[in-house]
Structure formats: structure tokens, C-alpha cells
Amino acid sequence: MTGVHSAGPGAARRIQYSVLIMTDAPHSPARTRVAPSPTGDPHVGTAYMALFDKAWARQTGGRFVLRIEDTDRNRLVPGSEEQIYETLDWLALGPDESPLLGGPYAPYKQSERLDSYRPYVDQLLADGHAYYCWCSQERLAALRKERADAHSPETGYDRLCLGMTKEERSKLPGFSETPVVRMRIPDDVELGFHDLIRGDVRAPRPDDQVILKADGFPTYHLAVVVDDHLMGIDTVVRGEEWISSTPKHLLLYKWLGWQAPQFAHMPLLRNTDKSKISKRKNPAARLMWFREQGYLPEALRNFLQLLAYPTIAEGEEMESFESFIQRFRWSDISTGGPVFDVTKLDWLNGQYIRSLDVGALADRVLEYAVASGQLTDPSEAAVARIRAGMPLVRERLTLLSEAVPKLSFLLVEDAGLAFDEDSVAKLKGDPAAILDAALATLEGLPEDGFDAETIQQALKSGVCEALGIKPRVGFAPIRVGVTGNRVSPPLFESMEILGRASCLARLRRFADQLAG
RNA sequence: GUCCCGAUCGUCCAGUGGCCUAGGACAUCGCCCUUUCAAGGCGGUAACGCGGGUUCGAAUCCCGUUCGGGAUACCA
């Protein structure tokens, strides 16, 4: 590890690749984990990590664990924890063990594991790897400011308390009654480590990091190491932002005499301006947003995968999770932080929508419409109409949320249909005459056998040919009269669903309105 | 400021020294299909940040530089 020179990512990957080929040995069952904090709406990054965590666990026949990291008591948001369970399940990226599911290493929530940290702190203290620090937060803040103003390269704690007793320290300024515990970083701390994705990595030199806060809670650094070890986690998948803390974690493993896990530092998802993705700049950073918008979870999962990983073949962007699990390799993950741009997801969502048969799509649309409030307590007739209309909109959907609005003309009463003003204004030719001809033609058709093909033929001859006008001119007023808008699902199929009586009623009303 | 990570079309990926006058997908533009809008088909525009090396040969390896990002908390 010490002799890590700048071999370059390419070289590192090549080595890893050849090792994979040569050993050809199946990896032993892995234990991976995702460890979100319940500090607000679940973040898209959580799902992003979970995707790779779960794929690796599945590929190796291992287990995927969800642990809730709630050591920061000040930032807890009620309900957030439940949303984490919910959204991961929705994405079919649910864990095998969790606070909800339980498991052999319960409890799976850090706030319920508090007793497990203190003994290790005491051990580190006794071994001289950690020390008490009574410096007040004010002193620390002043120190930081002073160095920032001086553009000093110095960083971290100045070790004022190192080697002092409480009595000795209390005589100096900036003293606080309740101490924290800090790691004593040795001069020869190992800074390099092997990363599953990046190969050999070098991290910044750590400071004397606080591992136990004044309130008795462990910081992330201590808790994550202790928990991961106690829970048997052997593969840690986390964001790139943690590379700089890895030497601290490795030190803790070493001091405690534990086998360190393997690390995979995923690239950071970015806002359009390339900064680390944030809810502030990108609404899609909220996992719930996708469900609210009407995205399909399978499409989102597929999209997330595309964000760091090559397609299975050129031109084949769609891939099942099962297929991905089979071919997944850490070394194939891209290291550059991808911009999180949902444009391609929109397309993918349309593809997934079209891959559903109309019945299944109708189920999804209905489920969405009720959950989102588009439909409140829909009648049987309304449900039937939406199902009937599904073949007409399937090719026209990007999001589930678009279906009901596109079919709303099937759900209103004839007398309640509004004729879009702009659509009416843009009508060409002589709408009144066209409507008269259409009315006469349709009145001549029988009640039964009022199907799209029949309607089309009748209208073609009864309106377009009879008046000598083009279909686009002749059918436009009929479309507005029947659907209320110049843009609509296919006209004749729509009329078939509506039925003869309803079509006649609507067209008469429209004709009257134009005349009046 | 310091340390670390990264860099190919607008965006996401391919590229592991010659197969690259750089490939695919989305987006965009044009054409076809067409009763609207879509979907679909066909085609076009569009990128190796810069400078030095190494080499017969570099998008690929090395160095520097620039730019972007992250870390630098008693947050995670």
C-alpha cells in the first residue's frame, strides 16, 4: 500500500480486470449496506447507492442491509425514516435486513445502538489512540477563522489538550466542562487505500477527528466503523465525498484489531452547474419527486444505472435489474460525476410505459391518479372509460400523470364539455357547414356497429368528399366538438368509446355555440 | 489557502497505443408516415480543455497547466 505511485486510474483498472479474469473465482456472499440519515425527504443518492449495494449483494448471494444513521439528534425529521423504507420498496431496491424487517444484527438504528460505542472509546483512550479535549466550540471556531484569514495551510485541531489533565487544561482559556474524545492521528498514518472502483487512491491527511461528542453521541466516523464491523459489513458503498475520511476509518479498524471492509466510492451526482446534487437546485434530488411526477420505478432504476454504468450493448439502454446483477463489475463504474439530467429519463419512462400491456398500464395509471388526487373516488363508469381509452394514449405518454388529463373528455358529461377557445379560433374553412354535414352523416349511422372504422369511412365521404375539403380541415371541427380540443387522442376511436348519442349531443352543442 | 478526486458531443455512456477521418443513446434539426398530437422509420449538426514529452504511431501512457468537484465540523 505504501508504494502507491501515480499509476493512473487506467492502469489500476487493468490490474483489477486481469485479476478478475485470472482468478475466475466467485466472490463469497457479500454484505453491503446503505446508511441514510432521516433528516428530510429521502435523497436520490440513497437510491443510487442502494442500486449498486443490492446488485452486488445479489450477484454474490449475499445480503443488503439498511441501517438508519440518526446520531445527529438536531437534524431529525419526523416521517423521514418511513419515507426511506417506502421509496426503496417502491423502487424494488428494498433491503434484506432493516429496522423494519429486523435481522440477525438488530437493532438497525444507531440511536438504539448507543451502548455499543462507549467501550471502544474507552479502549482507544486506554491504548493512547484517543484523548480528551476540553476546547470550547468558540475556541475552535476562533482558531479556524484565524487560520482562514491568514490563508494558513494549517488545518485541523492544534492538539492543545493532548497530554493534559482536566485540571491543567482548565487554567487555559477556551475551556469547556464537558470534553469530547479525539483520535490521535499518528505521523505515519496510512493515506493510501484500494478502492473497488478507482483502484489505488490517496486521501488527504486527517486531523485529530472527534469521535465522541460532548453529548455522549458518537460521530459518524466512530459509529460507522463500529456498526459496520459489528454487522459484518464487508463492502462499503458510499459517495466520493467520503474518500477524504477513509484514512480515519481505516485507522479505527486497525486500532480495534478488525478486518476493514472493501470500499467502493461512487461518483457524486451533480446539479446542472456541476455542484454536488442538492434539493435546493434540483427538484429531482428528492426521491419522492419521481413518484409525484408519474415516473415508473423501473424506469428510474434503469436510469440510475445508466448514470455510472455502460449499457449492455450499444443502443440498448433498457435493461432489467436481473440482467444488470449478472454482469455488474465494480471496475466498470465511471469515475466522473454525472450531471443528473432527467431528459433521458423522460424518454426511458415512455419506453417502459409502452412496454406495458394496456391492462397493466391502466392499473398503474389508476393507481397513480388516485394516489395523486387526480381522481377522487372514481366511479365504475369512469374507471371503465379510462381503461377503454388506454390504447389511445399509450403511445402519447411520457408520464403516468398525463393519462387522465388526456382522457378527461371521456369523463365529463356531454353538457359539461368545454370547447377550448384557442382551438375554436384556429378552425379553418366553414366549421358550421362541416358540423352540419357531420351531424347528418352520423345521424344516418346505426346505434350499434358505431365503430371507428365505420365512422371514419362515413365521415370521409359524408364530410370531406361531399364538401370537397381535406381531412385535416374537415375533421378538425369534429375533433373540437367531440373532445373539446384540436389536439386529442385519435378521433374515431374516441368517438367509438363515447358512442353515437354522446357524439351527436356534443356536436349539436358545438354547432349551436358557433351559431350563437 | 491546503489536501484529495476527476476531465470525450448540450447530457449519459463506448474507447485500456494502430480497427478512431472517435461509436451509441437522449436532446436538437430535417425528411417520411399521418385526421390533430404522439409513437415509429430514415438522415443531419455536435466532443477528445491546453502545452510539453514517450513512441514509427496517442483520445488512450508520463509530466505540467487549466478547469470542475469534494474534503478541510462536537453534519452525515
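Chain naming here is simple, since letters A, B, ... match the order of the sequence lines and numbering starts at 1 in each.
More than 12 heavy atoms of other residues, nucleotides or ligands shown are found within 6.0 angstrom of NZ on A/K213. Enclosure of atom NZ in A/K428 is not indicated, since only 12 or fewer non-hydrogen atoms of other residues, nucleotides or ligands lie within 6.0 angstrom. The number of heavy-atom neighbours closer than 6.0 Å to CZ of A/R472, taken from other residues, nucleotides and ligands shown, is 12 or below.
The phosphate of B/G6 has neither OP1 nor OP2 within less than 4.0 Å of any side-chain N or O from A/S334. Within the 4.0 Å cut-off from OP1 or OP2 of B/A76, at least one side-chain nitrogen or oxygen of A/K213 is found. The side chain of A/R144 contributes an N or O atom lying less than 4.0 Å from OP1 or OP2 of B/A73. Dashed line: the shortest gap from a side-chain N or O of A/Q110 to OP1 or OP2 of B/C75 is not under 4.0 Å. Within the 4.0 Å cut-off from OP1 or OP2 of B/A71, at least one side-chain nitrogen or oxygen of A/K276 is found.
A donor N or O paired with an acceptor N or O is found under 3.5 Å between the base of B/C37 and the side-chain atoms of A/R396.
For the C1' atoms, the distance from B/U16 to B/C61 is 10 Å, rounded to whole Å. Using atom C1' as the reference point in both B/C26 and B/A14, the two lie 15 Å apart (nearest Å). B/G6 sits 15 Å from B/G49 when the P atoms are compared, rounded to a whole Å. Going from the C1' atom of B/U66 to that of B/U28 covers 30 Å, rounded to whole Å. Spacing between B/C9 and B/C50 at atom P, rounded to whole Å, works out to 11 Å. Distance check on atom C1': B/A27 versus B/U21 gives 26 Å, rounded to whole Å. Rounded to whole Å, the C1' atom of B/A46 lies 9 Å from the corresponding atom of B/G10. To the nearest whole angstrom, the two C1' atoms, one in B/C75 and one in B/G70, are 15 Å apart.
Looking at heavy-atom distances under 4.0 Å, A/V180 makes contact with a base. As judged by a 4.0 angstrom heavy-atom cut-off over every strand, A/S488 is placed among the base-contacting residues. Residue contacts for A/A308: at a heavy-atom cut-off of 4.0 Å it reaches the sugar-phosphate backbone alone, with no base atom in range. A/R270 comes within 4.0 angstrom of the backbone, heavy atoms only, and of no base. At the heavy-atom level, A/Q137 lies under 4.0 Å from base atoms of the strands shown. When heavy atoms are screened at a 4.0 angstrom cut-off, A/D207 is found touching the sugar-phosphate backbone but no base atom.
Base-pair partner of B/G68: B/C5 (Watson-Crick or G-U wobble, both distances under 3.5 Å). When both distances must be under 3.5 Å, the Watson-Crick or G-U wobble mate of B/G23 is B/C13. Pairing partner, B/U28: B/G44, with both Watson-Crick or wobble hydrogen-bond distances short of 3.5 Å. Pairing partner, B/C74: none, since no Watson-Crick or wobble contact has both distances short of 3.5 Å. Across all strands shown, B/A58 forms no Watson-Crick or G-U wobble pair with both distances under 3.5 Å. As the counterpart of B/C37, no nucleotide is assigned, since no Watson-Crick or G-U wobble pattern has both distances under 3.5 Å. Under the Watson-Crick and G-U wobble criteria, each requiring two contacts below 3.5 Å, nucleotide B/G51 is paired to B/C63.
Between B/A38, B/C74, B/C26, one nucleotide has an atom nearer to the side chain of A/E395 than all others, and that is B/A38. Out of B/C5, B/G1, B/G70, the shortest distance to the side chain of A/H151 is found at B/G1. The side chain of A/K344 lies closest to B/A25 when the candidates are B/A25, B/A14, B/C5. Listed nucleotides B/G1, B/A14, B/G70 differ in distance to A/P153; the shortest reach to its side chain belongs to B/G1. Distance from the side chain of A/V487 is smallest to B/U36 among B/G40, B/A27, B/U36. The side chain of A/P310 lies closest to B/C13, out of B/C13, B/C5, B/A27. For A/R182, the listed nucleotide lying nearest its side chain is B/C74; candidates were B/U11, B/C74, B/C5. Looking at the side chain of A/S37, the nearest of the listed nucleotides B/C12, B/C74, B/A76 is B/A76. Among the nucleotides B/C74, B/G24, B/G68, the one closest to the side chain of A/E317 is B/G24. The side chain of A/R354 sits closest to B/G40 out of B/A7, B/A27, B/G40.
Between A/D341 and A/T343, the side chains place a donor N or O and an acceptor N or O closer than 3.5 Å (distance only, hydrogens not considered). Between the side chains of A/S488 and A/R479, at least one donor N or O sits under 3.5 Å from an acceptor N or O.
Note: OH (A/Y157) to P (B/A73) measures 13 Å, nearest angstrom. A/M390 has its CE atom 16 Å from the C1' atom of B/A39, to the nearest Å. In this structure, CZ of A/F303 is placed 9 Å from C1' of B/C26, rounded to the nearest angstrom. Put simply, CH2 on A/W347 is 11 Å from C1' on B/G24, counting in whole angstrom units. What separates NZ of A/K248 from C1' of B/C74 is a distance of 13 Å, to the nearest Å. A/I277 has its CD1 atom 14 Å from the C1' atom of B/U11, to the nearest Å. Across the protein-nucleic acid pair, A/R198 atom CZ and B/G69 atom P stand 16 Å apart, rounded to whole Å. Separating the CD atom of A/E402 from the P atom of B/A39 is a distance of 11 Å, rounded to the nearest angstrom.
Applying the ring pair (Phe, Tyr, Trp, His ring centres under 6.0 Å) test between A/F303 and each of A/F290, A/Y295, A/F340, A/Y352 identifies A/F340 as the sole match.
When the nearest nucleotides of RNA chain B are assigned to A/P218 and A/P204 by heavy-atom distance, the more 5′-ward of the two goes with A/P204. If A/Q351 and A/D341 are placed on RNA chain B by their nearest nucleotide, the residue sitting closer to the 5' end is A/D341.
Side-chain N or O atoms of A/D195 include one that pairs as donor or acceptor with a backbone N or O of A/H265 at under 3.5 Å. When atom types are taken as modelled, the side chain of A/R354 and the backbone of A/L397 share a donor-acceptor pair closer than 3.5 angstrom. At least one donor-acceptor pair under 3.5 Å links the side chain of A/Y309 to the backbone N or O of A/R329.
Taking the six-membered ring where tryptophan is involved, the planes of A/Y220 and A/W242 are essentially parallel, since the angle between them stays under 30° and well short of 60°.
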Quick one: which protein N/O atoms are closer than 3.5 Å to N/O atoms of nucleotides 33-35 of chain B? Pair and distance per line, please.
residue, atom, partner, partner atom, Å
B/U35, O2, A/R479, NH2, 2.1

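Between A/D227 and A/R113 there is a salt bridge, since a side-chain N of the basic residue sits under 4.0 Å from a carboxylate O of the acidic one. In summary, A/D70 and A/K109 do not engage in a salt bridge, as defined by a charged side-chain N under 4.0 Å from a carboxylate O.
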